[in-house]
Amino acid sequence: MSFTRVLATLAFSLAVLADGLAWAAEDGKRLALIIGNDAYSIRPLRNAVNDARAMDKALQAAGFRTILVENATKVAMEKYVPQFLRGIGPDDTALFFYAGHAFQYQGENVLIPVDFEPTGNAIDARFRSFSLAQLFDHLKLSRPKRAILIIDACRSNPVAEGTSLQAGLAMPQNPGREWYVAYSTSPNRVATDNPNGKNSYFTEALSDLVTQPGLTIDDVFTRVREKVETATKGAQTPWSQTSLTAKFHFIAPKEAEKVTDASLTKKWLDEGLRYEQQGEWQEAIDLFERVVNEEKDGPIRSRASARLPYASARRDAQTLFEQRKYSEAGTKLIEACKLEPFGFSAAIEAADSFLLAEDFDGAANVLAEVRKRAASEGVKIATAMLTEIAPINTIAAAELKRGVPEPPSIRELFASHRVGVPDFASGQAYSRQAQPVEYAKFVPQFPAPAVPKPVALASAQDQAQSGNTSASVAPASPGATASGEAQSPIDLETLHAELHSISGSRDLVEEVLVDVQVGKAKSPMALLVDGKPVARELPYKAHLAPGKYRLTLVEHGKRVREQEIEVKNGEPKIVDVDQ
Amino acid sequence: MKRIATLCVVVAAVSRLLFSQAWADRSEYDLALSLRSETVPANQLALISQWRQKYPKSSLKIWRAELELDAARDAGDWKAVLSAATEIFKADPDNFNGSYWTVLLTPSQNAPVETLETGVNAARKLVVASTTRPPAITDAEWQQNKMQLAGLGHKTLGWVDWQKKSYATAESELRAALDSNQRDVEISAWLGTVLALQKTPQKQLESIWHLARAVYTDGDQALTGAKRRDARSLLEAIYVSYHGSADGIDAIGQQAVAAAAPPLDFKIESAAQVAQRLQDEELVKANPDLANWVFIKRRLQADDGQAHLRTLSQTAQLLKGGVVVRTTPNARPKEIGIGIVDPDLEEIVLKLEAPFTTSIPKGAHVEFIAMPESMTTSPFALVMTGSRKDLVITTKPQQ
């Protein structure tokens with residue numbers, strides 16, 4: 001105990017009670033046990049206690065009530081772990097953080113207290129330490145809403161030396177549902193202690209990210225991984241494993257950033273339905289309730305809500321059956337059958353229950369219903385059961401005599417389906433996301449207008465004096481468009497030609513351009529030169545620099561023909577565009 | 001006796017209906033039952049496929065197609081939704097579910113133009129059917145959705161016409177769609193595009209309004225991210241092509257959000273008008289005398305030139321910067337031809353009340369005050385009357 005200092009009280013931290021963290025309280029309590037061990041007799045560590053302190057501060061900021069234990073002996077660990085477990089309720093989030101030495105023994109992870117006495121025997125070492133598996137088992141029994149286990153303990157350790165123990169930690173063998181397990185490095189690998197820093201690379205990153213609002217636990221550990229890999233130049237990769245089915249934020253996003261994750265509630269619903277099929281009714285109910293609580297309305301909520309009465313009846317029937325209250329179980333199952341008239345398993349279980357309660361009339365009536373509604377296999381089973389009890393039960397005998405009834409109509413089978421009624425909400429949702437039109441493909445049809453001709457500013461007097469008679473100001477009628485493009489854009493949609501330079505021999509000292517006539521097309525078509533529309537129809541005389549050009553014929557956006565042409569200095573050229 | 005016969009006919013019809021909705025055998029029921037308990041849409045589709053293969057002529061095929069439509073919708077397989085909807089529509093054109101989804105999906109599933117006929121038929125049916133509530137739909141559902149149904153029918157009809165490059169018909173359908181459902185800004189985007197593709201300045205102007213409305217509308221009805229970016233690129237191209245630059249596009253967008261159609265006096269300066277305005281501003285700065293005459297001449301040459309002349313002739317006009325092109329007679333002229341824009345082009349015929357006292361050489365620079373009287377349009381000339389005392393020869397031509 002001399003090495004142990006308990007710094008935290010069991011009272012809720014003030015942070016939890018603060019208005020700004022009211023969201024934490026809504027989700028149940030947040031409890032954390034934090035242990036940091038430096039003071040080993042051999043191979044003492046430098047940063048584990050600092051790591052524990054840093055996590056204590058960060059987790060308190062995230063609304064956790066914390067128990068911080070520094071340099072824990074075996075006795076101290078055995079004291080504070082149960083104390084931590086006792087405080088956990090079903091709606092709570094439980095977090096265990098450990099920084100110090102640990103080792104794996106036959107696939108089991110073991111935490112080393114500071115009073116550990118070195119031994120050459122692996123079995124002795126195991127019993128002088130604290131089993132993580134034991135903590136896992138007890139934590140599962142406490143059934144918190146979620147459990148988070150973070151172990152920064154994969155450093156090279158004193159126990160492995162002199163024994164056949166493998167370095168690093170083993171994969172967790174028995175994590176539970178709604179758990180998140182994180183190691184500072186990958187299983188069976190050794191982490192570094194950051195000899196030049198105050199904290200380990202892992203905890204330094206983690207304690208920082210835990211306090212950032214809006215990050216999910218997955219976000220946090222993804223970023224921790226990035227930071228540690230960068231800091232250790234890829235030598236250390238933190239590892240995590242999760243069975244969480246809902247997002248968990250250490251610090252929730254601001255209200256405006258909160259989003260309802262429809263895919264998550266759908267996942268819960270699907271999982272609940274799977275549990276239903278496996279007969280795990282309580283698990284199914286938990287998930288359906290979660291959907292109902294999370295979604296305000298909508299089809300996912302409706303489906304989950306509709307499943308709840310049936311799953312509850314089945315769960316109650318299961319409990320009664322286990323209590324050997326067969327008649328009550330049978331009655332409960334009949335309730336379930338009314339809620340789900342085509343639920344074959346409920347009907348057969350009801351018949352079983354009535355038979356165990358020696359209520360043969362009840363069993364025969366249920367089996368008669370099964371013969372009406374079940375699939376062919378179910379009809380066979382029900383018929384066989386009726387045949388068994390027919391000698392001692394008149395209802396069963398009469399049912400067999402009547403023969404197998406006609407199955408229900410399709411309207412009865414799919415009673416919730418409304419023929420001829422569209423799901424308007426789905427249609428509207430689809431319309432919003434579908435993109436039947438690519439607007440951008442029309443953009444080339446609307447090129448920017450040509451630059452207006454320069455204005456002549458001289459008056460007749462100025463021109464008379466200068467002798468220049470060519471310049472003029474052409475008065476434009478109101479509303480008229482000076483540029484051809486605005487008045488009638490060049491049509492590139494159906495058919496046009498494009499001329500692109502491939503390589504040129506342009507003389508930069510003395511501008512030499514060659515007349516090239518592009519012409520003789522069978523249909524009217526526009527021409528683009530180096531992407532710029534230059535003519536609405538052919539032939540067109542272009543002044544081009546000598547060089548190589550590619551002439552392309554484009555029809556409905558597709559290139560239908562290409563030809564390469566060469567323009568030489570001093571040689572006027574005519575290029576025909578034949579389709 | 002007649003009543004009994006009628007009753008028999010009714011009973012027979014009901015029996016046929018009941019018979020027509022029966023299972024072929026218990027195995028068909030087994031298949032449907034397994035479909036009912038399956039929760040994974042992909043598995044549901046596989047079961048329906050089995051059902052279709054085993055019972056191709058099932059009397060329950062409309063039911064089966066409806067269940068397939070639901071499963072395909074839940075699986076996000078929209079081609080399969082369209083296929084099921086088309087099957088329903090063809091088997092029963094009065095089935096609202098079939099026509100609704102056929103119409104909704106026709107534009108987005110990239111069906112070849114030649115195969116769009118079913119979509120067109122379904123859309124026409126939907127437009128007509130949207131006036132009467134089908135019995136299967138509750139009154140509340142109907143009140144909430146009937147306007148968008150007519151809009152949806154016209155929208156798809158417009159889209160099909162657009163694909164066939166019948167832009168004018170497409171425009172008319174999309175206008176009808178917008179009248180029915182002004183909340184669907186995608187209709188505005190389509191209408192804007194179809195108007196622009198007709199490539200007349202007036203349609204291009206209106207297209208800017210509709211596309212701007214689609215791009216600038218926020219909230220529940222806004223186009224989603226990619227669609228909005230895509231539509232914006234087209235809006236900007238059309239706007240720049242019309243106006244010459246993107247200046248003022250945001251203001252148009254804010255204005256367009258408020259109304260589904262542009263006001264009657266909606267105007268944007270064309271690129272030519274912008275260029276003209278800039279030229280005019282430059283001209284006023286550089287040569288105000290020339291600018292004065294150019295503006296007068298432009299108004300007179302416009303469509304309402306005669307009306308402007310009537311206004312202009314109320315007041316005497318001071319014109320500067322003229323050059324004498326002609327005098328009649330040469331000695332003591334009573335009529336002088338003057339050019340202001342061009343020294344060789346007679347633009348003004350100045351009639352003097354009394355002959356000038358001397359001759360006026362051609363090329364002499366003049367300024368004068370005179371009353372506009374009449375004009376000729378081809379060639380253009382403004383006839384003015386004035387007193388010889390109001391005619392000033394400012395300079396003489398260089399010899």
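Because the structure is predicted, anything quoted here is derived from the model rather than measured. Just so we're on the same page: letters track the sequence lines, and every chain starts at 1.
With chain A as partner, the option from Ala291(B), Gly76(B), Gly192(B), Ala231(B) having the largest number of non-hydrogen pairs under 4.5 angstrom is Ala231(B). Between chain B and the residues Gly378(A), Pro299(A), Ala434(A), Gly343(A), the most heavy-atom pairs under 4.5 angstrom are made by Ala434(A). In terms of heavy-atom pairs under 4.5 Å with chain A, the best-connected choice from Trp159(B), Tyr29(B), Tyr239(B), Phe96(B) is Tyr29(B). The candidate from Arg274(A), Gln428(A), Arg303(A) with the greatest count of non-hydrogen atom pairs under 4.5 Å with chain B is Gln428(A). Ranked by heavy-atom pairs under 4.5 Å with chain A, the first of Asp30(B), Leu278(B), Val274(B), Asp289(B) is Asp30(B). Contact count against chain B (heavy-atom pairs under 4.5 Å) is highest for Pro407(A) among Pro407(A), Ser431(A), Ala440(A). Chosen from Thr224(B), Leu33(B), Val240(B), the residue pairing most often with chain A at heavy-atom distances under 4.5 Å is Leu33(B).
A salt bridge does not link Asp230(B) with Lys227(B): none of the charged nitrogens is closer than 4.0 Å to a carboxylate oxygen. Note on Glu186(B) versus Lys155(B): salt bridge recorded, some NZ/NE/NH1/NH2 to OD/OE distance being below 4.0 Å. A salt bridge does not link Lys285(B) with Glu281(B): every distance from a Lys NZ or Arg NE/NH1/NH2 to an Asp or Glu carboxylate oxygen is 4.0 Å or more. In this structure, Arg36(B) pairs ionically with Glu340(A), as a charged nitrogen and a carboxylate oxygen lie closer than 4.0 Å.
Using a 4.5 Å cut-off between heavy atoms, Ile88(B) does not touch chain A at all. For Gln109(B), the part sitting under 4.5 Å from any heavy atom of chain A is the side chain, from C-beta outward, and nothing else. Contacts between Asp220(B) and chain A at a heavy-atom distance below 4.5 Å involve the backbone alone (N, CA, C, O). For Thr193(B), the part sitting under 4.5 Å from any heavy atom of chain A is the side chain, from C-beta outward, and nothing else. Heavy-atom distances place both the backbone and the side chain of Leu413(A) under 4.5 Å from chain B. Looking at Ser245(B), neither its backbone nor its side chain comes within 4.5 Å of chain A, counting heavy atoms on both sides. Neither the backbone nor the side chain of Asp184(B) comes within contact range of chain A; no heavy atom of the residue lies under 4.5 Å from a heavy atom of that chain. Proximity to chain A involves both the backbone and the side chain of Pro107(B), based on heavy atoms less than 4.5 angstrom apart. In this structure, chain A has a heavy atom under 4.5 Å from the side chain of Gln148(B), while its backbone stays farther away. If you measure heavy-atom distances from Ala226(B) to chain A, the contacts under 4.5 Å come from both the backbone and the side chain. In this structure, the portion of Glu406(A) lying under 4.5 Å from any heavy atom of chain B is its backbone and not its side chain. Neither the backbone nor the side chain of Asp270(A) comes within contact range of chain B; no heavy atom of the residue lies under 4.5 Å from a heavy atom of that chain. With a 4.5 angstrom heavy-atom cutoff, Ala222(B) touches chain A only via backbone atoms. Contacts of Trp162(B) with chain A are made by side-chain atoms alone, with heavy-atom separations under 4.5 Å and no backbone atom involved.
Side-chain contact, Gln198(B) with Ser207(B): no donor N or O sits under 3.5 Å from an acceptor N or O. The closest side-chain donor-acceptor pair between His243(B) and Glu269(B), if any, does not fall under 3.5 angstrom.
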Asp280(B) and Gln276(B): side chain to side chain donor-acceptor pair (under 3.5 Å), yes or no, with the steps?
CA-CA 6 Å; Asp280(B) 289 350; Gln276(B) 187 69 70; 3.2 Å; yes
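The backbone N or O of Ala346(A) lies less than 3.5 Å from no partner atom in the side chain of Glu349(A), so there is not a single donor-acceptor pair. At distances below 3.5 Å, at least one donor-acceptor pair connects side-chain atoms of Gln273(B) with backbone N or O atoms of Ser270(B).
Contact check for Ser305(A) versus Phe288(A): no side-chain heavy atoms found under the 4.5 Å cut-off. Using a 4.5 Å heavy-atom cutoff, the side chains of Val291(A) and Ile300(A) are in contact. Residues Trp101(B) and Arg73(B) have side chains in contact (heavy-atom distance under 4.5 Å, counting atoms from C-beta outward).
Annotation for Arg277(B): atom CZ counts as buried by contact number, over 12 foreign heavy atoms lying within 6.0 Å. Other residues, nucleotides and ligands contribute at most 12 non-hydrogen atoms within 6.0 Å of the CD atom of Gln202(B). Around the CD atom of Gln433(A), the shell of radius 6.0 Å holds more than 12 heavy atoms that belong to other residues, nucleotides or ligands.
Considering Val103(B), Thr102(B), Leu104(B) in turn, Thr102(B) is the only one that fulfils the side-chain contact (heavy atoms from CB on, under 4.5 Å) rule with Thr106(B).
Within residues 367-377 of chain A, the residues that have a heavy atom under 4.5 Å from a heavy atom of chain B are Arg371(A), Lys372(A), Arg373(A), Ala374(A), Ala375(A), Ser376(A), listed by number.
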